[in-house]
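One structure is given here, and the rest of the page talks about it.
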Amino acid sequence: MIYLKTDDEIELLRQSNLLVGKTLAEVAKLIRPGVTTRQLDTIAEQYIRDNGAVPTFKGFLGPSGIPFPASICTSVNGQVVHGIPNDNPLEEGDIVSVDCGTFMNGFCGDSAYTFCVGEVSSEVLQLLRTTKEALYLGIEKAVHGNRLGDISYAVEQHCEAQSYGVVREFVGHGVGKNMHEDPAVPNYGRRGTGVMLKKGMCIAIEPMITMGDRHILLEPDGWSVRTRDGKYAAHYEHTVAIGKGEAEILSSFRYIEEVLGENAI
């Protein structure tokens, strides 16, 4: 069941999503060699709760039946998504994808950003740029009257043109009163196929792109997903409302990039 949101509901979704962007900016202030992802999680949870929201990820039951133990997902290097924060210090040249969700005023926020830890290689920077570009190319297709496959195709074509892998087992999704709603939003597909997009639909578009092949493995913790070949992966995500002229981005990278300054991708 796909729920179309009213303008008032979209405004509530925007508030939750902007809080996600501000939380990720707080995380961005701390990311550097020597910091642990558990430290990032502590700061994120405190910020979310201090602003009258709750972290939607904490305690969320996954397919394995294991509750997620943290407030953000921190996926380092070859981890694609759902990395569990831990006490391992980040190192120079690492990347860390931080996915964050909030619940406030009855609606969810969801967004993700991949950060560099110190200086990273030019090859890794290109992966991040391409993944972020693919996100915005997908958003350009998120307009009333298009098909879901138009978003998927835009993401897939842009990334595969540079020989990157497009993860297929994990996809974007609808967002509303629940963190995951219909429809599923794959990062691969054919133009002109799939669900018709309508004004009032709110979806999370989230390319998960690998430097090597697209194949992945689930780690023993029951949550963390990594590339099978160990190569780096990037993950960017926005929650958007389908519009008649153009999509309305409800989340924001502005706060993050104000922190990163000239180091922003």
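Below, all heavy atoms of this structure are taken into account, side chains as well, without hydrogens, waters or symmetry copies.
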Positive for salt bridge (Lys or Arg N to Asp or Glu O under 4.0 Å) with K5, one of E248, E181, E11: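 The passing option is E181.
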
task: Sort out for me which residue in E237, E206, E257 forms a salt bridge (Lys or Arg N to Asp or Glu O under 4.0 Å) with K132.
output: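 It is E257; the other options fail the test.
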
- prompt: Do the non-hydrogen side-chain atoms of I205 and L135 ever get within less than 4.5 Å of each other?
  reply: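 I205 vs L135: side chains touch.
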
From [atom1] ([X]) to [atom2] ([Y]), nearest 0.5 Å:
{"X": "M201", "Y": "D182", "atom1": "CE", "atom2": "CG", "answer": "9.5 Å"}
{"X": "R191", "Y": "E156", "atom1": "CZ", "atom2": "CD", "answer": "11.0 Å"}
{"X": "Y113", "Y": "I265", "atom1": "OH", "atom2": "CD1", "answer": "6.0 Å"}
{"X": "M104", "Y": "L18", "atom1": "CE", "atom2": "CG", "answer": "8.5 Å"}

message: Check for me whether the distance between the ring centres of H82 and F68 falls short of 6.0 Å.
response: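 No; F68 has its ring centre 6.0 Å or more from that of H82.
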
query: Any chance the rings of H180 and F60 have centres within less than 6.0 Å?
result: yes

message: Is it the case that the side chain of S251 and the backbone of T239 share a donor-acceptor pair, with hydrogens and angles ignored and the cut-off at 3.5 Å?
response: yes

task: Tell me yes or no: between the side chains of E133 and H158, is some donor less than 3.5 Å from an acceptor?
output: yes

message: Is there a path of hydrophobic side-chain contacts, each under 4.5 Å between heavy atoms, that joins V171 and V225?
response: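 No.
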
field: Verdict with reasoning, R254 to E258, per salt bridge (charged side-chain N to carboxylate O under 4.0 Å, His left out)
entry: CA-CA 6 Å; R254 177 170 63 89; E258 284 174 356; 3.2 Å; yes

field: Electrostatic pair E92-R32, nearest N-O below 4.0 angstrom
entry: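 Salt bridge: no.
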
query: Looking at I209, V155, V166, N187, which hits side-chain contact (heavy atoms from CB on, under 4.5 Å) with T131?
result: I209

